Amino acid sequence: MSEEFKNLGPEARPDDLSSLRRLEDELQRTGWRMEGRTPREWVAAFALPRPPDSEAETDPVNMVARIGLAAVPALVDTLYTERLAPRPKQDLRIRSRCLEALGLMEPAPTCVIPAILRTLRVLSPRVQRQALDMLAKLRPQPDGVLIRALLVCLASRHEPKTRLHAAHVLTQLNGPLPPEVRRAALERLGDSYQWVRWYALRILGQLPEWDDEVCVALTEQVILDDNNRIPALRLLARADPARAFPLLVEEIQKVEGSEANSKRMEAGLKALRLVEELGARGESLIPILGRLQGGAVIRAHVEAVVDGILRDQLYRSRPEPSPDPAGDERIARLLQEGLPPGEETPARALARWAEGFLPFGRELCVRMALAAARRVVALWDDKYPDDEGPRSGLIALEDWVVAPTEENAKQAVRLGNNVPSQMFCAPDAFSASWAITYATMCVTSKEPPEEWNPNGKPRHMPGGYLGSCLHAVCRALSGMAVITMSFGSSADSPPPLPPEQAAQEVVKAIRNELLPWLCGTWDPVKEPLRRRRELLAAAQG
């Protein structure tokens, strides 16, 4: 967009339609055009047949999206028009193009929500779904008018995809859900479409509290819904652990005797991962976990779960460290507020921040990388539980911290050398795997010998392997790949964090693990490792 366009009219706000109309008036007064047409003329071109190449820059939808907020008034007026063309199909095509253009705009124009709600009345499942997708992107507040419109779509009898899109919007609303949504979600647990049931569980998971009716419904869902057993079990474990424990144990025991990479083993491993989320509440299950028989996959997950339980216990029981920035430069650097100023992305600023810790020695850098990678390893485990590679790499990295020998260094680099598929892997899991690869490479201050890791090459980041690790962790938390493009996806991914918040989360994870060690309070690496091996040895013996 030209500087001339940016400077025209008063400041435009995406949440204020009046300011956008003032901007449009100013553009009309100056005679501004985009490729020879006003915004309204480009919107009017939606009535014409679409060009053969819909990706062409001259496609009216792409031109309106390029115009951006200045075209919003024309789009809103179009959506409010009762009849846009003599033929119904043409009318719907114009409305569909309006929604498509709005969906391409950045920043998202939240002022169009009333027009989107009106569009939901159109008798076209395809246009309704487009409108619902736009609402999911805008993440509006859950007011009464919006909730009533969404519940109508959620109850659409003959359109399972409309129900699905409506359920997705309800999980994206920016605020507490009203009571009527709880009732609708419980009813959708019996939906014939498995993904509607899946989103119904996510809606229930956003409720502030769960009563006995919800817990009973979740228990029945675990028993009856084969396709959504694990999500239902995860929610039940949060709502009522005592009720979930027997079902968890039954599901976990499926891993024994299951064929590698089978659906039965995957379900059992995902159930095993749920125990880690319970933290200290899962302590009573440690003896059962220790007796599980299987190969490297099961052993890696069992160690991870017991580690999560013990860490929760230790962090609750150990005294808070009392850091003295004046007495230790390492502590002073850890406690500094904010990342170094610069015009780079938060992830790259984080890598540059890591560079300042390199002079303090290898152990400190490895501990920093370990703490950061631990923050995101579950993103891999939850999606690909039958691939224990990244988790095994972290366990080997802990072994190196306990005994920093060359043999342990080789083992960490070898086990951490995982190269996931860019084409099929979810972006957050892809970045998490690379974060662990870079973390394990921190055990050496120079390029590892070729036989250690023939495929691993450092990214050109400040801070070397440590900087690359923190950069990848930040990208993982933001739902982005560590490369320019990513092709995979996953419905199970948690909501991505804004890049600034993701960087703050990485720093927080590092501080939580390093400050107790630097202050001499306790060792968050060695003590959980020692205790979990004692407990697992006792369970097996």
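Residue indices begin at 1 and follow the sequence shown. Note that these values count all heavy atoms, side chains included, but never hydrogens, waters or copies made by symmetry. None of the values given here were measured: they were computed from a predicted structure.
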field: Minimum side-chain heavy-atom gap Arg13-Asp15 below 4.5 Å
entry: yes
task: With rounding to the nearest 0.5 Å, note down the distance linking OG1 in Thr119 to CG in Leu79.
output: 4.0 Å
Leu48, CG: over 12 other non-hydrogen atoms inside 6.0 angstrom: yes
- request: Please name the pair of heavy atoms, one in Pro390 and one in Ser433, separated by the smallest distance, quoted to 0.1 Å.
  value: CG-OG, 4.0 Å
query: Looking only at atom types and distance, does a side-chain atom of Arg234 sit under 3.5 Å from a main-chain N or O of Leu274, one as donor and one as acceptor?
result: no
message: Quick one: does any side-chain atom of Thr110 pair with a main-chain N or O of Leu138 as donor and acceptor, under 3.5 Å?
response: no
Beyond-backbone contact of Leu334 with Ile331, side-chain heavy atoms, under 4.5 angstrom: no
- request: Supply the atom-to-atom distance Leu17 CG to Asp77 CG, rounded to the nearest 0.5 angstrom.
  value: 7.5 Å
Lys/Arg-Asp/Glu bridge criterion (N-O < 4.0 Å) met for Glu277, Arg238: no
Salt bridge (charged side-chain N to carboxylate O under 4.0 Å, His left out) between Arg118 and Glu82, intermediate numbers included: CA-CA 10 Å; Arg118 184 182 180 90; Glu82 289 291 338; 2.3 Å; yes
query: Do Glu159 and Arg163 meet the salt-bridge criterion of a basic N to acidic O distance under 4.0 Å?
result: no
- line: Heavy-atom closest pair (Gly356 atom, Arg333 atom, distance to 0.1 Å) is O-NE, 3.5 Å
- request: Let me know which of Leu201, Leu233, Leu235, Leu189 forms a side chain to side chain contact (heavy atoms under 4.5 Å, CB included) with Asn228.
  value: Leu201
- prompt: Ion pair present between Asp211 and Arg182, side-chain N to carboxylate O less than 4.0 angstrom?
  reply: yes
query: Is the closest side-chain heavy-atom distance between Val112 and Met105 below 4.5 Å?
result: no
- request: Tell me whether the centres of the aromatic rings in Trp434 and Tyr438 are closer together than 6.0 Å.
  value: yes
- prompt: Arg139 side chain to Gln172 main-chain N or O, any donor-acceptor pair under 3.5 Å?
  reply: yes
query: Do Trp42 side-chain atoms and Met34 backbone N/O form a donor-acceptor pair below 3.5 Å?
result: yes
message: Using only atom types and a distance under 3.5 Å, with no angle test, would you say the side chain of Thr437 pairs donor to acceptor with the backbone of Gly416?
response: yes
message: Are the side chains of Leu69 and Pro14 in contact, using a 4.5 Å heavy-atom criterion?
response: yes
- line: Between the CD atom in Glu344 and the CG atom in Leu350, the distance rounded to the nearest 0.5 Å is 10.0 Å
- request: Determine the minimum heavy-atom distance between Glu41 and Gly36, stating which atoms define it.
  value: OE1-O, 4.2 Å
message: For a side chain to side chain contact (heavy atoms under 4.5 Å, CB included) check, start with the C-alpha distance between Leu135 and Leu120, then their side-chain angles and the critical distance, and finish with the verdict.
response: CA-CA 10 Å; Leu135 288 173; Leu120 283 178; 4.1 Å; yes
statement: Minimal heavy-atom distance between Thr81 and Arg95, with the atoms involved, is O-NH2, 2.6 Å
task: Quick one: closest heavy-atom pair of Ile510 and Ala371, and the distance?
output: CA-CB, 4.0 Å
query: Could you go step by step and tell me if Arg273 and Glu276 meet the salt bridge (charged side-chain N to carboxylate O under 4.0 Å, His left out) rule?
result: CA-CA 6 Å; Arg273 300 282 313 133; Glu276 184 179 3; 2.4 Å; yes
- request: Test side chain to side chain contact (heavy atoms under 4.5 Å, CB included) on Leu379 and Lys383 and set out the steps.
  value: CA-CA 7 Å; Leu379 294 173; Lys383 295 177 184 63; 4.3 Å; yes
query: Shortest non-hydrogen contact from Asp226 to Arg229?
result: OD1-NH2, 2.5 Å
- prompt: So, does Thr162 use its side chain to make a donor-acceptor pair with the main chain of Cys153 at under 3.5 Å?
  reply: no
- request: To the nearest 0.5 Å, tell me how far Leu470 CG sits from Glu355 CD.
  value: 11.5 Å
query: Is there a donor-acceptor pair under 3.5 Å between the side chain of Asp91 and the backbone N or O of Leu84?
result: yes
field: Any donor-acceptor pair under 3.5 Å from Thr440 side chain to Ile436 backbone
entry: yes
- request: Determine, step by step, whether Val181 and Leu207 satisfy the side chain to side chain contact (heavy atoms under 4.5 Å, CB included) criterion, reporting the C-alpha distance in whole Å, the side-chain angles of both residues, the deciding distance to 0.1 Å, and the verdict.
  value: CA-CA 9 Å; Val181 174; Leu207 298 178; 5.8 Å; no
message: Quick check: do Tyr199 and Leu170 have side-chain heavy atoms less than 4.5 Å from each other?
response: no
task: May I ask you to test the Glu187-Arg183 pair for a side-chain heavy-atom distance under 4.5 Å?
output: yes
query: Is there a side-chain contact between Arg126 and Ser96 (heavy atoms, below 4.5 Å)?
result: yes
- prompt: So how far is it from Met63 CE to Glu35 CD, rounded to the nearest 0.5 Å?
  reply: 4.5 Å
message: Does any part of the side chain of Arg148, heavy atoms only, come nearer than 4.5 Å to the side chain of Glu180, both counted from C-beta?
response: no
- request: Give a yes or no on whether a salt bridge exists between Lys137 and Glu106, defined as a side-chain N under 4.0 angstrom from a carboxylate O.
  value: yes
message: In terms of relative ring orientation, are Trp380 and Tyr384 parallel, tilted or perpendicular, with 30° and 60° separating the classes?
response: tilted
query: Just by modelled atom types, is the Phe46 backbone N or O under 3.5 Å from a matching donor or acceptor in the Arg97 side chain?
result: yes
task: Apply side chain to side chain contact (heavy atoms under 4.5 Å, CB included) to Asp428 and Val376, showing your working.
output: CA-CA 8 Å; Asp428 53 354; Val376 295; over 6 Å; no
- prompt: Quick one: does Thr38's side chain have a donor or acceptor within less than 3.5 Å of a partner on Arg33's backbone?
  reply: no
task: To the nearest 0.5 angstrom, please state how far the NE2 atom of His168 sits from the CD1 atom of Ile203.
output: 10.5 Å
- prompt: Going by an N to O cut-off under 4.0 Å, is there a salt bridge joining Asp25 and Arg22?
  reply: no
